[in-house]
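Chain identifiers are assigned alphabetically (A, B, ...) following the order of the sequence lines, protein sequences preceding nucleic acid strands; residue numbering begins at 1 within each chain. Just so we're clear, the structure is a prediction, and the values are computed from it rather than from any experiment.
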Amino acid sequence: MELAKAYDPRAAEEHHYKRWEDNGFFAPEINQDPNAASFSIVIPPPNVTGSLHMGHALQHTLMDVLTRWKRMQGYRTLWLPGTDHAGISVQRKIVEQLRSDGKTPLEIGREEFIARAWKWKEQYGDTITEQMRREGASVDWSRQRFTMDESLSAAVREVFCTLYEQGWIYRGLRIVNWCPKDKTVLSDLEVKEETKKDGKLWYLKYPIAGTGRTLTVATTRPETMLGDTAVAVNPSDERYRDLVGKSIDLPLTGRQIAIVADEYVDAEFGTGAVKVTPAHDPNDYQIGQRHDLEQLLVMNDDGTMNTAAGRDFEGLDRFKAREKVVERFESLGLLEKIDDYEVTLPVCERCKTVVEPILSEQWFVKMDEMRDMALELIRDKGVPHFFPQVPHEKVYTAWLENLKDWTISRQLWWGHQIPAWYDKDGNVFVARSEEEAREKAGSDELTRDPDVLDTWFSSGLWAFSTFGWNGQVTETADLEAFLPTDVLVTGRDIIFLWVSRMIMLTRKFTGKKAFEDVVVTGTVLGKDGKPMSKSRNNGVDPLEMFDKFGVDATRIYLASIATGADIKWNDLLIETYRNFANKIWNATRFCLLNADEASVEKAALGEVGLPLADRWIVSRLNQTEIDLNLALGKYEFHTAVSLLYHFFWDDLCDWYIELKKDEITSGDQAASTRIVTIIEQALRMLHPFMPYLTEELWQKLPGTGSSLHNHAYSSAEGTIMLADFPTGEAGLIDGAAEKEMGAVIDLIKKVRNIRAEMTISPSIKFTIHIAASAPDQEIFKANEAQILKLARAEKLIISDVLAAPKASAKAVTNEARIAISLEGLIDFEKEKARLSNQIGKLTEEKARLEGQLGNSNFVEKAPKEKVTALRERASELDAQISALQTNLDSLI
RNA sequence: GCCGUCUUAGCUCAGCGGUAGAGCACUCGCUUCACACGCGAUAGGUCAGAAGUUCAAAUCUUCUAGACGGCACCA
């Protein structure tokens with residue numbers, strides 16, 4: 001078998017995915033074991049307008065690792081893919097598209113608009129799903145879902161109606177977050193804070209009616225004064241007590257407003273007098289409620305001032321209006337002063353427009369009942385279990401405790417239109433269909449509420465709507481098999497927005513948990529240490545990384561990031577794993593060079609009397625498998641990667657294959673069979689991380705096929721992705737072999753060290769003298785050929801006492817005293833320095849140990865095995881130091 | 001304001017109560033018949049600072065400094 005000289009990721013990526021998909025390997029139905037337990041993950045549905053970014057690549061990698069791992073273990077495994085309809089984003093795309101055609105949404109009408117949106121979705125909505133195929137994601141495409149699929153939409157209607165009927169959903173006039181650009185309301189979670197250091201605080205003088213005096217109020221939004229309907233002061237504020245009950249002649253408006261006393265006002269802050277604009281500020285709204293104040297709306301939905309703002313201001317943008325109000329106050333002599341003031345502005349998460357708090361009639365969900373259910377789950381049962389637990393469990397719990405009503409209506413056309421109808425008197429009828437609404441209303445003249453629901457309302461149902469629940473159908477085989485899902489892998493930015501809501505809605509409507517575990521990934525930052533973003537232009541495209549380093553390298557690099565940790569992007573690190581892939585490729589290639597009659601054969605590893613290296617690698621392999629399964633079980637992907645990396649590179653390549661080189665090149669078929677068997681098993685444990693490379697190599701190994709499959713997949717066509725995942729057998733961990741191999745490795749390393757330090761050319765082959773105990777001598781004798789090979793020596797002389805010429809370099813290990821004859825090569829000064837250096841290091845360690853052992857508190861209180869271990873180490877050090885010292889003395 | 005995280009080798013990061021680790025970069029040496037995307041060998045850290053708990057602290061506690069995150073408030 002002849003393999004190419006270097007691994008070409010592209011070639012492997014091209015055909016394997018198609019074969020896996022076409023053969024149905026990703027679907028749970030591939031599992032033929034009727035008793036198989038289920039394992040399921042639902043994907044956090046990416047936005048249909050999106051394309052793959054590094055955050056997706058990271059999350060998808062972890063989900064795929066888990067899915068492939070569980071599938072190989074024989075679970076009936078489902079990773080369900082899909083996308084969400086992204087209300088605002090799609091809406092914006094269509095509006096832009098129309099604008100370039102010189103049209104507006106109103107001109108074409110709702111129906112045409114939605115038709116265009118669907119067309120857009122058909123055309124571009126698959127970008128991300130195609131990119132997922134490139135990633136190697138083993139999702140079941142036959143179960144792909146979209147939040148606006150008919151069944152998922154029915155689920156939305158059902159949930160809305162049920163919550164309404166139970167009194168959890170209501171329609172009300174509240175101060176909401178309004179985005180004047182998108183012309184829709186936003187939930188609190190879709191609003192972000194932006195600090196502006198160059199903000200201002202304007203002090204406006206309001207004339208007190210009939211007094212000739214003024215009362216100064218401070219504001220950051222002067223234009224809202226046009227909607228003022230009161231001024232409030234604290235009731236216990238002596239300065240203003242006499243003013244309560246009097247009126248203000250509100251400038252620029254000709255209106256007279258009251259001065260009221262309200263506890264909300266902080267007498268210490270500003271002037272102690274607050275202008276009250278109930279229709280444009282949440283706190284003012286509350287004051288207005290308490291004092292029965294008029295709610296005067298002075299703005300339109302696009303952020304311009306409306307008729308109520310007065311003729312001079314009508315039609316002006318809110319910021320222009322602000323300037324004009326300030327100018328007017330100044331010319332009236334009513335502007336007291338302007339202070340610099342750092343303000344935090346609420347901005348729309350998506351378009352960064354300053355959000356306007358505005359009085360508006362919207363639909364809300366009262367979260368009390370669901371919140372309590374979720375709190376009970378996390379507090380009493382610890383569900384979901386967050387990985388990492390700190391800080392997410394606490395943050396999540398605290399958020400739930402302070403949960404407010406959720407604004408769910410959006411002034412958009414693209415999405416799930418609210419199933420509510422109004423009769424001509426404005427009475428509302430919530431119903432699952434228009435027919436039902438007509439029945440309830442007893443009228444045919446109904447108008448449907450034009451608004452749609454928040455996209456997160458539908459994605460909140462994702463854990464069960466995707467399995468067929470839609471209100472009519474509440475029991476399906478998939479719900480039974482796959483809900484609760486096992487784990488959710490997602491970013492921390494949507495824990496509140498999505499994860500928490502899914503937990504609550506799933507519990508409420510199915511009585512089940514949405515998932516047991518939540519793996520929270522960190523953020524992949526740009527090279528500058530800031531989150532990747534278009535505006536910073538510091539993004540790294542996963543597809544470019546796939547092209548440059550291969551999908552597998554990118555995947556295993558992403559998996560190597562500690563769970564939940566942020567990481568600064570660095571190409572060099574992927575390169576490490578590109579090199580890793582190539583290393584594995586070449587190791588396999590080498591082992592197959594002369595292995596024409598070898599074949600994967602599990603029994604070959606269990607034979608008695610195997611050489612040390614074989615017993616050792618089997619032990620290392622099994623230990624790695626055990627540790628790997630433990631790490632994955634705890635979602636410690638980075639530990640898993642490190643185990644794999646070190647097993648393949650250090651144990652397998654640097655030692656085992658190097659030790660076996662002669663056997664491989666000479667065509668020893670028994671040895672090759674063992675090597676091939678070990679590689680095959682190792683590839684299996686690597687497969688979840690590097691699916692393409694491992695499949696490519698596995699297919700080339702002699703003797704691979706469906707016979708190696710987990711029993712659940714015995715009838716499927718041969719593929720590593722259905723092979724049995726190695727569990728590691730404790731019985732195959734061979735302590736003696738590890739210890740003996742350790743002695744051999746230590747010896748070889750010391751000899752190499754001498755060669756390097758004494759700058760002896762690798763081409764010079766010298767004689768190694770060693771002295772060791774009788775049992776250790778046996779070990780060295782048995783491995784003479786290997787030692788000579790790896791130490792690049794020509795002769796090994798083993799005896800009870802070290803007999804070496806004076807012109808030699810010396811070293812010691814725990815098991816051996818070593819001398820290299822260097823007749824004509826040795827530099828005595830160098831050798832002296834080398835020995836002194838080593839003695840120095842060991843003496844330092846010895847001093848530390850003696851300090852500890854001399855401490856009676858330590859000896860009394862520390863665990864006995866600790867003390868014993870230190871004593872042993874101390875005596876080893878003693879022996880080594882004195883041997884080195886003897887060597888040094890002989891040189892002087 | 002409240003809650004929380006981070007600060008470890010030049011860089012990017014693991015480790016989180018028992019002798020400081022990895023990859024990359026650096027230094028030295030290698031056309032050693034799989035791999036230079038490689039091989040071998042070094043060097044490099046008072047684990048941000050201070051105090052405390054402990055026989056033992058990078059690891060636990062408290063404080064300080066710097067970086068950052070979430071929530072609340074913002075006239």
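Using a cut-off of 4.0 Å between Lys/Arg side-chain N and Asp/Glu carboxylate O, D340(A) and K200(A) are scored as salt-bridged. By the 4.0 Å N-to-carboxylate-O rule, D547(A) lies close enough to R10(A) to be salt-bridged with it. Salt bridge present: E850(A) and K846(A) bring a charged side-chain N and a carboxylate O closer than 4.0 Å.
How far CG of L226(A) is from CZ of R322(A): 12.0 Å, rounded to the nearest 0.5 Å.
For the pair E845(A) and W655(A), nearest-nucleotide mapping onto RNA chain B gives the more 5' position to E845(A).
A heavy atom closer than 4.0 Å to some atom of RNA chain B occurs in R848(A), N855(A), N857(A), F858(A), K861(A), A862(A), P863(A), these being the qualifying members of residues 846-865 of chain A.
Checked by atom type and distance alone, the side chain of R755(A) pairs as donor or acceptor with a backbone atom of A791(A) at under 3.5 Å. Formation of a donor-acceptor pair under 3.5 Å by the R752(A) side chain with backbone atoms of L790(A) is found in this model. In terms of modelled atom types and a separation under 3.5 Å, the side chain of D284(A) and the main chain of T277(A) share a donor-acceptor contact. The backbone N or O of R239(A) sits less than 3.5 Å from a side-chain atom of D237(A), completing a donor-acceptor pair. Using modelled atom types, one side-chain atom of R501(A) and one backbone atom of L497(A) make a donor-acceptor pair closer than 3.5 Å.
Heavy atoms of Y341(A) sit under 4.0 angstrom from primed sugar atoms or phosphate atoms, though from no base atom. Counting non-hydrogen atoms under 4.0 angstrom, I561(A) reaches nothing in the nucleic acid. At a threshold of 4.0 angstrom between heavy atoms, the contacts of A565(A) are confined to the sugar-phosphate backbone, with no base atom among them. Counting non-hydrogen atoms under 4.0 angstrom, R492(A) reaches nothing in the nucleic acid. Residue contacts for S642(A): at a heavy-atom cut-off of 4.0 Å it reaches no nucleic acid atom on any strand shown. Among the atoms of the strands shown, none is found under 4.0 Å from any heavy atom of V343(A).
The distance from atom CD1 of I574(A) to atom C1' of A22(B) is 17 Å, rounded to the nearest whole Å. In this structure, L842(A) places its CG atom 17 Å from P of U19(B), rounding to the nearest Å. Regarding E844(A), its CD atom lies at a distance of 14 Å from the C1' atom of G45(B), rounded to whole Å. In this structure, CG of D528(A) is placed 17 Å from P of A67(B), rounded to the nearest angstrom. One interatomic measurement links the two molecules: CD of E401(A) to P of C2(B), which rounds to 18 Å at whole-angstrom precision. The nearest whole Å value for the distance from the OH atom in Y557(A) to the P atom in G23(B) is 16 Å. For H638(A) and G15(B), the NE2 to C1' distance is 8 Å, given to the nearest whole Å. G23(B) atom P lies 10 Å from atom OH of Y577(A), rounded to whole Å.
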5' to 3', nucleotides 28-40 of chain B under a 4.0 Å protein heavy-atom cut-off (B base, S sugar-phosphate only, - none) gives --S-B-BB-BSSS

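Of the P atoms belonging to C68(B) and C37(B), the separation is 38 Å, rounded to the nearest Å. G52(B) and A58(B) have their P atoms separated by 15 Å, with the value rounded to a whole Å. For the C1' atoms, the distance from C24(B) to G44(B) is 14 Å, rounded to whole Å. Nucleotides C6(B) and A14(B) place their C1' atoms 14 Å apart, quoted to the nearest Å. Of the P atoms belonging to U31(B) and G15(B), the separation is 40 Å, rounded to the nearest Å. For C55(B) and C13(B), the C1' atoms lie 33 Å apart once the distance is rounded to whole Å. For the C1' atoms, the distance from A36(B) to G29(B) is 14 Å, rounded to whole Å. If you take atom C1' in U42(B) and the same atom in C26(B), they sit 11 Å apart, rounded to whole Å.
Candidate nucleotides C73(B), A43(B), U19(B) were compared by shortest atom distance to the side chain of K841(A), and A43(B) ranks first. When distances run from any side-chain atom of K568(A) to the nucleotides U19(B), A75(B), C13(B), the shortest one goes to C13(B). Ranking G23(B), C73(B), A75(B) by closeness to the Y645(A) side chain, first place goes to G23(B). Side-chain proximity of E757(A) to the nucleotides G18(B), U42(B), U12(B) is greatest for U42(B).
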Please test E194(A) against T344(A) for side chain to side chain contact (heavy atoms under 4.5 Å, CB included), starting from the C-alpha separation and ending with a verdict. CA-CA 5 Å; E194(A) 211 163 75; T344(A) 47; over 6 Å; no

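A donor N or O paired with an acceptor N or O is not found under 3.5 Å between the base of C71(B) and the side-chain atoms of E193(A).
Consecutive pairing runs in RNA chain B reach the stem threshold at B:1-7 with B:65-71, B:10-13 with B:21-24, B:27-30 with B:38-41, B:48-52 with B:60-64, where a stem means at least three Watson-Crick or G-U wobble pairs with distances under 3.5 Å.
Close placement of the F580(A) and Y645(A) rings is indicated, their centers lying within 6.0 Å of each other.
Cation-pi geometry between K661(A) and F590(A) is met: the NZ or CZ atom falls under 6.0 Å from the ring centre, inside 45° of the normal.
No hydrogens or angles considered: a donor-acceptor pair under 3.5 Å links the side chains of S187(A) and E190(A). In this structure, a donor-acceptor pair under 3.5 Å is absent between the side chains of N837(A) and R834(A).
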